[in-house]
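Please read these numbers as outputs of a predicted model, since none were measured by experiment. No hydrogens, no waters, no symmetry mates; every other heavy atom, side chains included, goes into these values. We name chains A, B, ... by the order of the sequence lines, and we start the count at 1 in each one.
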Number of protein chains: 2
Amino acid sequence: MITIKDIAKAANVSPATVSRVLNNGPKVGANKRAHVQKIIDDLGYRPNLTARALVKQSSGSIGVVIPEIFDPFMAKFAHEIESYATQHDVQTFISSGHNDVEKEAMAINKLLDNNVRSIILHSKVMSDEDIIHFSKIVPNLVLINRNIEVIKEKCFWVDNYAASFAITEHLINAGHTKFVYLNSNYDIEDPKERFEGFKGALKAHNIHLDFNIVEYAEPFHEGGSDAIQRIIKKDLTFTAIVAYNDQMALGAINYLHEIGINTPKAVSVVGFDDVIYASNSIPKLSTMHYPITEMAIAATTTAISEFIDSDIEKADIPHCFTPEIIDRDSVKTLTLAK
Amino acid sequence: MITIKDIAKAANVSPATVSRVLNNGPKVGANKRAHVQKIIDDLGYRPNLTARALVKQSSGSIGVVIPEIFDPFMAKFAHEIESYATQHDVQTFISSGHNDVEKEAMAINKLLDNNVRSIILHSKVMSDEDIIHFSKIVPNLVLINRNIEVIKEKCFWVDNYAASFAITEHLINAGHTKFVYLNSNYDIEDPKERFEGFKGALKAHNIHLDFNIVEYAEPFHEGGSDAIQRIIKKDLTFTAIVAYNDQMALGAINYLHEIGINTPKAVSVVGFDDVIYASNSIPKLSTMHYPITEMAIAATTTAISEFIDSDIEKADIPHCFTPEIIDRDSVKTLTLAK
DNA sequence: CTGAAAGCGCTTACAG
DNA sequence: CTGAAAGCGCTTACAG
């Protein structure tokens, strides 16, 4: 391994000077700087980041803790964060928290042991108190999909209410009044907020809400399938399904297809998230586009802005994001008899 | 930050002794060991991994370089590697190489700068020479989905020929003789090997192969859709489609659906990989199950076996894997008139 | 069984 | 503008 001393020797300067040119430090003569730089290049020297991290008491890396890398929604987040961080020459550690408080805490601690400069956390299971606790320990804790008042400037979240309101209204504008709502059975904020948005839209249009029309299940393909199956058994009349997310929507569509009910001819369906499947399904799903890229950039910028050269004004970074309607093929406009 | 010196002072021993109990080192009296351990626990001391890595000239982390975290197939690989590594208390760095030789090399170098102990690489764009070059620089370079003779013991790959042969034969056994092959247009080994397997199966059953029936496209949903569209224009007769992978298969199924051709009634379709979509589509896709979990475990074991306590015999780790047929709903058995 | 000392490869006051 | 020196938090021969 070639070290800073080797360069110093070869260049006939002190290690301190080499270090200064490496870090674009001040007070190095132009000539000497060029000379040293040439030797660095010639010998292909690469600084040992571990040593640097030790003296600086901090590495040039950030950590990311998400529930599962495997989940396509999360994978996209991780991908966008990593890609943006890499552009700015910062290394990213990605860890899974598996939706378990203990495991998330463990992941954070491991990251801390590795002296990351910042952690971007996506947690739906930690309490506000847990997170506030960690925000005091972690050098720079940034949160995605979470809004905690006291650390608001480190939070990036989506306006679930407005988004759910909008997609429901989209259906109402298409003439639908008989709804089914397929909700997630996870005990977190998002399902509640989205359901509130749904209720809000119905109310705004004077549509009565019968709680019989909502079913809860795991927010995945199977869950959507199960939930709609339970609805069907109730023998209700409906023309539109609002699902908690795309996966549930797609699960419902598939179940309906199996029993001979066509989407969108017989029933319209909308999802939420706009995951990759949404545009590859039959029919292509109308849904709310989750601004993952924008959120990832905002969060990563906040995570790294303190240790990179950046001309981004913090004040310009948005914290609350509103998804947009992507209207594809799963919604039919009703022509009313009345 | 609480350091080893703080513990030493509190326990009235030398830092060396603390270090020894931390590392389960030899030659520490049981009493003293217990005493020191208690102080460590009480104070909640966590060793600084950066410092340790510096003196050991190597961290307890491994690096993973994959084309894209975002790709569900790759995300699964990354997930399985990370999860297995975490079980053994080793931290994982995940980087994207973006299918670009320069970027992959960059990712590897960055990982090296961070003193990872091993790198698991999934590269389809580097030449054998490039990889052999890196295998000399990287402490322990492990390859997935690649088989390079001279570093065979570090390689883990799939028998594409056998797998493709098997799934094609599955179709032949169901009575199909008129095929279409939708291939990837990537200039890498896999498409060639799988196509050879397809040809091999036809030959074994004396079925004539007209090269007119193969079309090339990007190995994604759109590509499958494009490719089958080109086939349709040729006005060929066929009852079965063998696709390079699930995404192309699904793209083809969707396009056929749009023009009113039903799978599997009118045409049977098989994929390859068994990605998550394959079991959530309409119809559920018959495909070859890629043993990602098993391969990830084998690769990770090889990557970390040298620095963890492990009773796994290296000789017991398989290197070549054969996918299995998963028969779902996209293949129809033909009852022949003849 | 235990401790004092050297050293891993850097950075950064400090002094000049 | 430049260098000698100290130190980041550990581990590990070496000596006893």
Exercise. Is any side-chain nitrogen or oxygen of Lys5(B) closer than 4.0 Å to OP1 or OP2 of dG9(D)?
Worked result: no
Exercise. Does Thr17(A) place a side-chain N or O at less than 4.0 Å from the phosphate oxygens OP1/OP2 of dG3(D)?
Worked result: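 Answer is yes, contact under 4.0 Å.
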For this session: For Thr3(B), report the nucleic acid contact type (base, sugar-phosphate, nothing); a contact means any heavy atom under 4.0 Å.
Result: sugar-phosphate
In terms of side-chain heavy atoms of [X], which of [options] is nearest?
X	options	answer
Asn48(A)	dC10(D), dT2(C), dC10(C)	dC10(C)
Ser19(A)	dA4(D), dT11(C), dG9(D)	dT11(C)
Leu54(A)	dT11(C), dG9(D), dG3(C)	dG9(D)

Exercise. Taking atom P of dT11(C) as reference, at what distance in whole Å does atom CG of Leu22(A) sit?
Worked result: 6 Å
Exercise. Mapping Val13(B) and Arg52(A) to their closest nucleotides on DNA chain C, which lands nearer the 5' end?
Worked result: Val13(B)
Problem set entry | C1' atoms of dT12(C) and dG16(C), separation to the nearest Å | 16 Å
Exercise. So, do Phe77(A) and Val64(A) sit near enough that their side-chain heavy atoms are less than 4.5 Å apart?
Worked result: no
Problem set entry | Side chain to side chain, Ser95(A) and Gln91(B), heavy atoms closer than 4.5 Å |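 Side chain of Ser95(A) against side chain of Gln91(B), heavy atoms only: contact under 4.5 Å found.
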Problem set entry | Under 3.5 Å on both distances, the Watson-Crick or G-U partner of dT2(D) | dA15(C)
For this session: Using the side chain to side chain contact (heavy atoms under 4.5 Å, CB included) rule, take His88(B) and Thr300(B) through it: C-alpha gap first, then chi angles, then the decisive distance, then the call.
Result: CA-CA 10 Å; His88(B) 293 276; Thr300(B) 312; over 6 Å; no
